[in-house]
Peer 1: 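Have a look at this one.
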Amino acid sequence: MNTSSEHGYFYTSDKVKLHYIDRGQGQVIVMIPSWTMSTVQYRHQIEALSQKYRTIAVDMRGHGESEYVDYGYKVYRFAKDVYELLLHLKLDNVVLLGHVVGATVIYCYWDLFGAERVAKLVLVDKAATMVINSKWTREEKENFGAVLDPKSAIDITNQLASEAGEKYKYNFVHSLFSKTLSKDEQDEIMATSMKLPNKESASLFYSNAHQDWRDLLPRINIPVLLIVGRASAVSVSSHQWLQQQIPNAQLVVFEKEEGGNHFAFLENPEKFNQVVDDFIQEPS
């Protein structure tokens with residue numbers, strides 16, 4: 001299933017029907033969307049990169065066109081789902097690309113499976129950890145990218161799970177858009193985001209927020225591309241620190257005037273796609 005814009009489905013080991021898009025031929029790149037998002041967020045990448053690569057984007061359980069179930073909304077289960085997708089499609093030597101929670105899923109994948117079936121990683125807008133340890137210095141908090149104290153993380157989780165969770169989620173996601181992102185693209189993202197129910201949105205938020213990847217970073221021994229926007233809520237300094245920790249990592253910063261916000265792949269898809277293309281072409 002790799003010759004045109006194709007929609008495929010497979011069942012995970014815990015019996016969830018997941019949807020994916022599979023287009024193009026050649027080196028395989030598998031793209032994992034962020035929290036509450038779907039393959040829609042990667043439409044520019046699917047269109048452009050599939051001209052040169054076999055480009056696959058997957059909807060995680062409960063997201064996009066995948067089956068909704070009321071279990072498994074934890075980043076480690078998502079990583080297992082990605083692994084099972086690679087098994088299902090008999091893929092090897094894959095480039096994994098993930099945005100925020102999608103990048104967390106990739107870190108989980110590495111923790112569970114290491115370099116099995118993967119050759120390179122592209123991590124977008126994801127710091128080492130989100131929740132602050134009160135014993136950390138200000139510099140450590142900035143380096144690690146921690147932005148939430150433990151109480152705030154729980155409060156947000158509870159807000160998302162409440163009866164008012166839909167409104168809270170809408171405002172939360174909408175706050176990540178820059179003024180330069182078109183209304184049509186904002187509406188498209190929001191329509192997808194609102195499909196995931198409150199309880200599952202909260203579970204996934206909690207699971208993502210409470211991961212700490214600092215000990216994992218030095219053990220990643222394949223090429224890694226880090227991408228962050230200067231105007232993103234995720235700091236450039238946290239990615240500079242990541243680059244220092246991951247042995248074979250390079251960092252690309254999108255400046256504000258070139259779409260350097262939370263959704264750089266939507267705001268400046270031409271540069272984003274070129275950066276990813278260049279990274280894939282580099283010898284390992």
Side-chain angles (χ1 to χ4, degrees), residues 30-42 44-45 57-64 73-79 81-82 96-111 121-131 144-148 152-153 156-157 160 169 171-178 181 185-186 189-190 192-193 196 200-213 216-217 224-239 241-242 246 249 251-254 259-269 272 275-276:
V30 174
M31 299 183 291
I32 308 164
S34 189
W35 178 73
T36 75
M37 304 294 169
S38 75
T39 57
V40 165
Q41 79 169 80
Y42 291 129
H44 296 302
Q45 285 65 55
V58 58
D59 284 329
M60 305 312 297
R61 61 184 62 204
H63 293 67
Y73 293 88
K74 300 177 179 65
V75 288
Y76 275 94
R77 178 63 244 190
F78 280 26
D81 292 345
V82 171
L96 289 181
L97 183 154
H99 174 230
V100 195
V101 175
T104 299
V105 172
I106 292 173
Y107 279 135
C108 288
Y109 185 104
W110 185 268
D111 209 14
L121 309 177
V122 181
L123 308 171
V124 185
D125 253 33
K126 178 59 191 173
T129 189
M130 284 181 64
V131 177
F144 306 155
V147 292
L148 294 177
S152 296
I156 292 173
T157 300
L160 288 167
K169 180 170 65 175
N171 292 334
F172 182 86
V173 175
H174 206 269
S175 71
L176 300 173
F177 297 141
S178 76
L181 192 62
E185 292 197 302
Q186 291 186 32
I189 292 291
M190 292 308 307
T192 290
S193 182
L196 188 65
E200 286 70 33
S201 296
S203 294
L204 185 56
F205 176 87
Y206 183 92
S207 179
N208 176 65
H210 289 84
Q211 305 303 320
D212 183 345
W213 302 113
L216 183 76
L217 304 174
V224 175
L225 172 62
L226 304 166
I227 299 177
V228 68
R230 183 74 65 182
S232 173
V234 183
S235 70
V236 170
S237 63
S238 70
H239 279 60
W241 185 82
L242 285 175
I246 301 172
L251 171 62
V252 174
V253 178
F254 281 60
N261 291 283
H262 190 65
F263 295 98
F265 46 87
L266 287 173
E267 299 204 28
N268 192 347
F272 187 93
V275 165
V276 172

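Residues take their numbers from the sequence shown, with the count starting at 1. We use all heavy atoms of the structure for the numbers below, so side chains are in, but hydrogens, waters and symmetry mates are not.
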Peer 1: To check you understand the geometry: which heavy-atom pair defines the closest contact between N208 and M130, and what is its length?
Peer 2: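 Scanning both residues completely, I find the closest heavy atoms to be ND2-SD, 3.5 Å.
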Peer 1: What are the two closest non-hydrogen atoms of A127 and V234, and how far apart are they?
Peer 2: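 Looks like N-CG1, 4.0 Å.
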Peer 1: Could you walk me through whether K74 and L204 pass the side-chain contact (heavy atoms from CB on, under 4.5 Å) check?
Peer 2: CA-CA 5 Å; K74 300 177 179 65; L204 185 56; over 6 Å; no
Peer 1: Would you call L181 and N261 a side-chain contact if the rule is heavy atoms closer than 4.5 Å?
Peer 2: no
Peer 1: Measure the CG-CD1 distance between D111 and I106 for me, rounded to the nearest 0.5 Å.
Peer 2: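 Rounded to the nearest 0.5 Å, the CG-CD1 separation comes to 13.5 Å.
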Peer 1: Any chance the side chains of E200 and H63 put a donor and an acceptor closer than 3.5 Å?
Peer 2: no
Peer 1: Looking at F177, is its backbone amide N or carbonyl O close enough to the side chain of Q186 to form a donor-acceptor pair, meaning the two atoms are under 3.5 Å apart?
Peer 2: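 No.
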Peer 1: Within a strict 4.5 Å, meaning less than it, do heavy atoms of the Y42 and P33 side chains meet?
Peer 2: yes
Peer 1: Kindly say whether the aromatic ring centers of F172 and W35 come within a distance under 6.0 Å.
Peer 2: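 Between W35 and F172, which both carry aromatic rings, the centre distance is below 6.0 Å.
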Peer 1: Without swapping roles, check the side chain of S34 against the backbone of H99 for a donor-acceptor pair under 3.5 Å.
Peer 2: yes
Peer 1: Is any side-chain heavy atom of Y73 less than 4.5 Å from a side-chain heavy atom of R61?
Peer 2: yes
Peer 1: Measure from the side-chain N and O atoms of H210 to the backbone N and O of Y206, and report whether any donor-acceptor pair falls under 3.5 Å.
Peer 2: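 Such a contact is found between H210 side chain and Y206 backbone.
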Peer 1: Answer whether the closest heavy-atom distance between the side chains of V253 and L251 falls below 4.5 Å.
Peer 2: yes
Peer 1: Could you go step by step and tell me if V124 and V228 meet the side-chain contact (heavy atoms from CB on, under 4.5 Å) rule?
Peer 2: CA-CA 6 Å; V124 185; V228 68; over 6 Å; no
Peer 1: Among residues at least two apart in sequence or on other chains, which ones pass salt bridge (charged side-chain N to carboxylate O under 4.0 Å, His left out) with D125?
Peer 2: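 With neighbours one apart ignored, the set is empty.
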Peer 1: Could you check whether any side-chain heavy atom of L196 comes within less than 4.5 Å of a side-chain heavy atom of K169, counting everything from C-beta outward?
Peer 2: yes
Peer 1: Take V101 and V75 through the test side-chain contact (heavy atoms from CB on, under 4.5 Å) and record every step on the way to the result.
Peer 2: CA-CA 8 Å; V101 175; V75 288; 4.2 Å; yes
Peer 1: Between E185 and M190, does the side-chain contact (heavy atoms from CB on, under 4.5 Å) criterion hold? Intermediate values first, please.
Peer 2: CA-CA 9 Å; E185 292 197 302; M190 292 308 307; over 6 Å; no
Peer 1: How long is the straight-line distance from CE of M37 back to CG of D59, given to the nearest 0.5 Å?
Peer 2: 12.5 Å
Peer 1: Whether the side chain of T157 engages the backbone of A153 through a donor-acceptor N/O pair (distance < 3.5 Å, no angle test) should be reported.
Peer 2: yes
Peer 1: Any non-hydrogen side-chain atom of V275 less than 4.5 Å from a side-chain atom of L225?
Peer 2: yes
Peer 1: Is any side-chain heavy atom of F263 closer than 4.5 Å to a side-chain heavy atom of L176?
Peer 2: yes
Peer 1: Who pairs with A128 by side-chain contact (heavy atoms from CB on, under 4.5 Å), at least two apart in sequence or on another chain?
Peer 2: R214, L217, W241, L242
Peer 1: Give a yes-or-no answer on whether the side chains of E267 and S178 include a donor-acceptor pair shorter than 3.5 Å.
Peer 2: yes
Peer 1: Does any N or O in the side chain of T129 come within less than 3.5 Å of the main-chain N or O of Q211, such that one atom is a donor and the other an acceptor?
Peer 2: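 A pair under 3.5 Å: yes.
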Peer 1: List the atom of S238, the atom of G145, and the distance in Å for their closest heavy-atom pair.
Peer 2: CB-CA, 3.8 Å
Peer 1: I need the Y109 OH to I32 CD1 distance, nearest 0.5 Å.
Peer 2: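 That separation rounds to 9.5 Å.
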Peer 1: Do any N or O atoms from the side chain of Q45 and from the backbone of F265 form a donor-acceptor pair under 3.5 angstrom?
Peer 2: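 Side chain of Q45 to backbone of F265: a pair is present.
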Peer 1: Would you give the length of the straight line joining atom CG of L96 to atom CH2 of W110, rounded to the nearest 0.5 angstrom?
Peer 2: 10.0 Å
Peer 1: Side-chain contact test, heavy atoms from C-beta onward, threshold under 4.5 Å: evaluate it for F272 versus V276 and give yes or no.
Peer 2: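 Yes. Closest side-chain heavy atoms under 4.5 Å.
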Peer 1: Quick check for you: to the nearest 0.5 Å, what is the distance between S235 atom OG and R230 atom CZ?
Peer 2: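 It is 10.5 Å, given to the nearest 0.5 Å.
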Peer 1: At what distance, to the nearest 0.5 angstrom, does OG of S201 lie from CD1 of I156?
Peer 2: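 Between S201 OG and I156 CD1, I get 13.0 Å after rounding to 0.5 Å.
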Peer 1: Quick check: closest heavy atoms across F254 and N268, and the distance to 0.1 Å?
Peer 2: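 The answer is CE2-O, 4.2 Å.
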